[in-house]
Amino acid sequence: MENIEIARLLAETADLMEIGGEDGFRIRSYRNAASAIEGYPEQIAGIVADPARKVTDIAGIGKGIAEALKEIVARGSFARRDEMLERYPPTALEMLRIQGLGPKTVRTLWEHFRVSTLEDLERLCQEHKLQDLPRMGAKLEEKILKGISHYRQGAGRFLVNYAAAAAAELVTYLAEGPGVELVTPAGSLRRARETVGDLDLLVTGEGAPAALGRFVAHPRVHDVLGHGANKASARFGLEGLQVDVRAVPRESFGAALQYFSGSKEHNVALRQRAQKMGLTLNEYGLFRVDDESRVAGETEEEVYAALGLAWIAPELRENQGEIEAAASGGLPELIEPGAMRGDLHMHTRESDGRATLEEMAEAAKAMGYEYIAVTDHSKALAMANGLDERRAVEFAAQVREFNKEGHGIRVFSGLECDILRDGRMDLSEDALAELDFVVASVHGYMNLETAAMTDRLLRAMESPSVQVLGHPTGRVLLHREGYTYDFDRVAADAARRGIWMEINASPERLDLSAALIRRAKAAGVKFTISTDAHHPKHLANMKYGVAMARRGWLTREDVMNTRPAAEFAAAKRRA
Ligand code: DGT
Ligand code: CA
Ligand code: CA
Ligand code: ZN
């Protein structure tokens, strides 16, 4: 049995145990073992069968798991799994993927209705059957129906950080192959879309065809869907991300990179432009129609140049005006990751973060930043141990002390203050006035009608302390749509008041979207890009936020935390 199948058995059992409400420690040990085995470079079945070897030597595999592995190798399953499958059908696992459906609810639904598929669950909700149960009502039915439709739209797509990590692992691996000159991601990942359907990699060099064989032999690559002379497709990892690898000759590398980077819409528009010029563009190059002679193809730059265009950054290639701008010299000078001088949204142990102020500051210094704002939650988020007025004022004093000590980085005392249901701030204006930097965010009552949500945000911006609207639409990628409101009206009001809009760089959010960034900019809004870090390692997510800003056509000037500390401080509403 392949490692990936073994890993899947363990992971599924962990999920079923979660539905069963079983011990968290055991569940975690199955999950850890699954991820250890999934990427293990040797066949686990071979190690289990070899009396001279011990699977417990592998990190993440203890005695209990070793017993399970023995059974799996012998008969394709193990006692715990059989037991769980007697209690719950495997289709119940899909229900766990629906936002708003926790393991407990899945269990209740199974026990009462024997629902075991998404289709059955959908029907139950449409027929309002859930209301027969205590603590379940029309609201939950609506939420589940929304969740199912959102799940179906996003099914099979992956967050950009997952895809980027998979790509990095494969690029490094393939680049080590003999005769490989260059390996590079194309497709939606190169365009920095917030979710990725499948991964597209291009390999060039004499050894490129052989690299396809190397690819399908990678320990985490499985379920080979095709393997020819120029292309191999297979799945990667436990989650089954599809990867297409293409071997392309050096002389058409630029044309291939251009073609497979997309988007489809951009490519269609580009080909039309080529046609009007008596040219034809495909993944092999740019050719003259009359004598089929080659005009360009080795680099992307020469392809665009031959079409009378400046090179267009992949993030802009969505046929949203970028071709016209490239023709007229009107492309923006896009912001670069190196331009960031601070991070203005992060949490510490004061609320629901994992590290201290000192640790976050240290990590930010290592990122090369000049300043940060530490913005813990306010008291409305009781679950996150949010700060009340007294703690907020104390925190401001603590930060003043910290800055006096001189740590080589300036800290702004901040708060991510909840916007209450009616648009009031969660803390009093007196307390907010003590702080250097207030991010105002919505975390509850996200289902208000459009008009009520618009009024709520407009009212929130009346607070003189608010500097930034945090994660402005509240979307959670692959899980939840953002809340709806009159965005252009709120953006215009933010611009008028000097309130900035956040581009939240957390890969789960990437909020605002590219389209909304452009609309906000048109309304005169300035932006911040921040990670919403809950751990020092999350500070590294900044690059995803910068990529979103680029997709939104932003320059360095549009983004406030590219400014030097003094200039930044002076630009705040309350300098
Ligand atoms: P994804 O995978 O759904 O996140 O999005 P993409 O953009 O990576 O799409 P994918 O993987 O289907 O194809 C990669 C690129 O190859 C795509 O952006 C443009 C190009 N391409 C693929 N199929 C076609 C096609 O039928 N026509 C054109 N013009 N381009 C295509
Ligand atoms: Ca793709
Ligand atoms: Ca593809
Ligand atoms: Zn938040």
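Quick note: numbers below take in every heavy atom, side chains included, and nothing from hydrogens, waters or symmetry partners. Small disclaimer: the values here were computed from a predicted structure and weren't measured.
In summary, Asp388 and Arg391 do not engage in a salt bridge, as defined by a charged side-chain N under 4.0 Å from a carboxylate O. A salt bridge is defined here as a Lys NZ or Arg NE, NH1 or NH2 lying under 4.0 Å from an Asp or Glu carboxylate O, and Lys379 with Glu389 meets this definition. Ion pairing of Arg246 with Asp200 is present here, as a side-chain N (NZ or NE/NH1/NH2) and a carboxylate O approach within less than 4.0 Å. Using a 4.0 Å cut-off between a side-chain N of Lys or Arg and a carboxylate O of Asp or Glu, Asp493 and Arg497 qualify as a salt bridge. In summary, Glu318 and Arg551 engage in a salt bridge, as defined by a charged side-chain N under 4.0 Å from a carboxylate O. Salt-bridge check for Arg220 with Glu38: passed, with a basic side-chain N closer than 4.0 Å to an acidic carboxylate O. Salt-bridge formation is detected for the pair Arg152/Glu119: a Lys NZ or Arg NE/NH1/NH2 atom is positioned less than 4.0 Å from an Asp or Glu carboxylate oxygen. Using a 4.0 Å cut-off between charged side-chain N and carboxylate O, Arg509 and Glu502 make no salt bridge. Contact check on Arg235 versus Asp198 returns no salt bridge, with no Lys/Arg side-chain nitrogen under 4.0 Å from an Asp/Glu carboxylate oxygen.
The CG atom of Asn541 sits 12.0 Å away from the NE2 atom of His535 when rounded to the nearest 0.5 Å. Rounded to the nearest 0.5 Å, atoms CG (Asp244) and CG (Leu202) are 10.0 Å apart. Here the straight-line distance linking atom OG of Ser263 with atom CZ of Arg190 works out to 12.5 Å at 0.5 Å rounding. In this structure, CD on Gln43 lies 11.5 Å from OH on Tyr40, to the nearest 0.5 angstrom. The OG1 atom of Thr473 sits 9.0 Å away from atom CZ of Arg480, with the distance rounded to the nearest 0.5 Å. Separation of atoms CE (Met453) and CG (Leu458) is listed at 12.0 Å; rounding is to 0.5 Å.
When side chains are defined from C-beta on, Val439 does not count as touching Thr528, because their heavy atoms never get closer than 4.5 Å. Residues Leu381 and Met383 fail the side-chain proximity criterion, which asks for heavy atoms closer than 4.5 Å. Two residues are said to be in side-chain contact when any heavy atoms from C-beta on lie closer than 4.5 Å; Leu212 and Val216 fail this criterion. Counting only heavy atoms from C-beta outward, the side chains of Leu130 and Cys125 approach each other to under 4.5 Å. Contact annotation: the side chain of Met1 approaches that of Ile72 to within less than 4.5 Å [non-hydrogen atoms, C-beta and beyond]. Considering only heavy atoms from C-beta on, Tyr485 stays 4.5 Å or farther from Arg456 through its side chain. A heavy-atom distance below 4.5 Å is not found between the side chains of Ile503 and Leu510.
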I'd like to know whether Tyr30 forms a ring-ring contact (aromatic ring centres under 6.0 Å, His included) with Phe25, so could you lay out the CA-CA distance, the side-chain angles of the two residues, the decisive distance to 0.1 Å, and finally the verdict. CA-CA 9 Å; Tyr30 283 125; Phe25 179 78; over 10 Å; no
For the pair Glu2 and His222, evaluate side-chain hydrogen bond (donor to acceptor under 3.5 Å, both in side chains) and give the outcome as yes or no after the intermediate values. CA-CA 9 Å; Glu2 299 278 328; His222 54 92; over 6 Å; no
Does the side-chain hydrogen bond (donor to acceptor under 3.5 Å, both in side chains) test come out yes or no for His471 and Glu416, once each step is laid out? CA-CA 11 Å; His471 42 73; Glu416 185 183 15; 3.1 Å; yes
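In this structure, Tyr259 has no ring-ring contact (aromatic ring centres under 6.0 Å, His included) partners at least two apart in sequence or on a different chain. Asp488 is linked by a salt bridge (Lys or Arg N to Asp or Glu O under 4.0 Å) to Arg519, counting only residues two or more places apart in sequence or in another chain. Contacts of Asp352 classified as salt bridge (Lys or Arg N to Asp or Glu O under 4.0 Å), with partners at least two apart in sequence or in another chain: none.
Residue pairs satisfying the salt bridge (Lys or Arg N to Asp or Glu O under 4.0 Å) criterion with at least one member in residues 130-143, sequence neighbours excluded, are absent. Sorted by first and then second residue, the side-chain hydrogen bond (donor to acceptor under 3.5 Å, both in side chains) pairs involving residues 84-94 (not counting sequence neighbours) are Glu22-Arg87, Glu94-Tyr151.
In the model, Asp376 has a side-chain atom that pairs as donor or acceptor with a side-chain atom of Ser351 under 3.5 Å. A donor atom on one side chain and an acceptor atom on the other are not found under 3.5 Å apart for Asp532 and Ser506. Counting only N and O atoms by type, the side chains of Arg193 and Ser188 include no donor and acceptor under 3.5 Å apart.
Taking each heavy atom of Pro103 and Leu96 in turn, the nearest pair found is CA-CD2, 3.7 Å. Heavy-atom minimum distance, Ser465 versus Val438: O-CB, 3.5 Å.
Without hydrogens or angle criteria, Glu322 side chain to Asn319 main chain gives a donor-acceptor distance under 3.5 Å. Remark: the backbone N or O of Thr375 is paired with a side-chain donor or acceptor of His347 at under 3.5 angstrom. Judged by distance alone, the side chain of Asp418 and the main-chain N or O of Ala380 form no donor-acceptor pair under 3.5 Å. Proximity of a side-chain donor or acceptor of Thr531 to a complementary backbone N or O of Leu539 within less than 3.5 Å is not detected. Remark: side-chain polar atoms of Ser378 are not paired, donor with acceptor, to backbone N or O of Gly386 under 3.5 angstrom. Side chain of Arg349 to backbone of Arg354: a donor-acceptor contact under 3.5 angstrom is found. Judged purely by atom type and a 3.5 angstrom limit, Ser463 has no side-chain atom pairing as donor or acceptor with the backbone of Ala460. His266 places no side-chain N or O within donor-acceptor distance of the main-chain N or O of Gly262, the cut-off being under 3.5 Å.
Other residues, nucleotides and ligands contribute over 12 non-hydrogen atoms within 6.0 Å of the CD atom of Gln126. In the displayed structure, Asn385 atom CG is contacted under 6.0 Å by more than 12 heavy atoms of other residues, nucleotides or ligands. Atom CZ of Arg459 has more than 12 neighbouring heavy atoms from other residues, nucleotides or ligands inside a 6.0 Å radius.
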Report, one line per pair, each donor and acceptor closer than 3.5 Å where one atom sits in a side chain of residues 8-20; sequence neighbours left out.
from	atom 1	to	atom 2	distance (Å)
Thr13	OG1	Leu9	O	2.6
Asp15	OD1	Arg31	NH2	2.7
Glu18	OE1	Arg31	NH2	2.7

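Classified by interplanar angle (parallel below 30°, tilted 30° to 60°, perpendicular above 60°), the ring pair Phe236/His218 is tilted.
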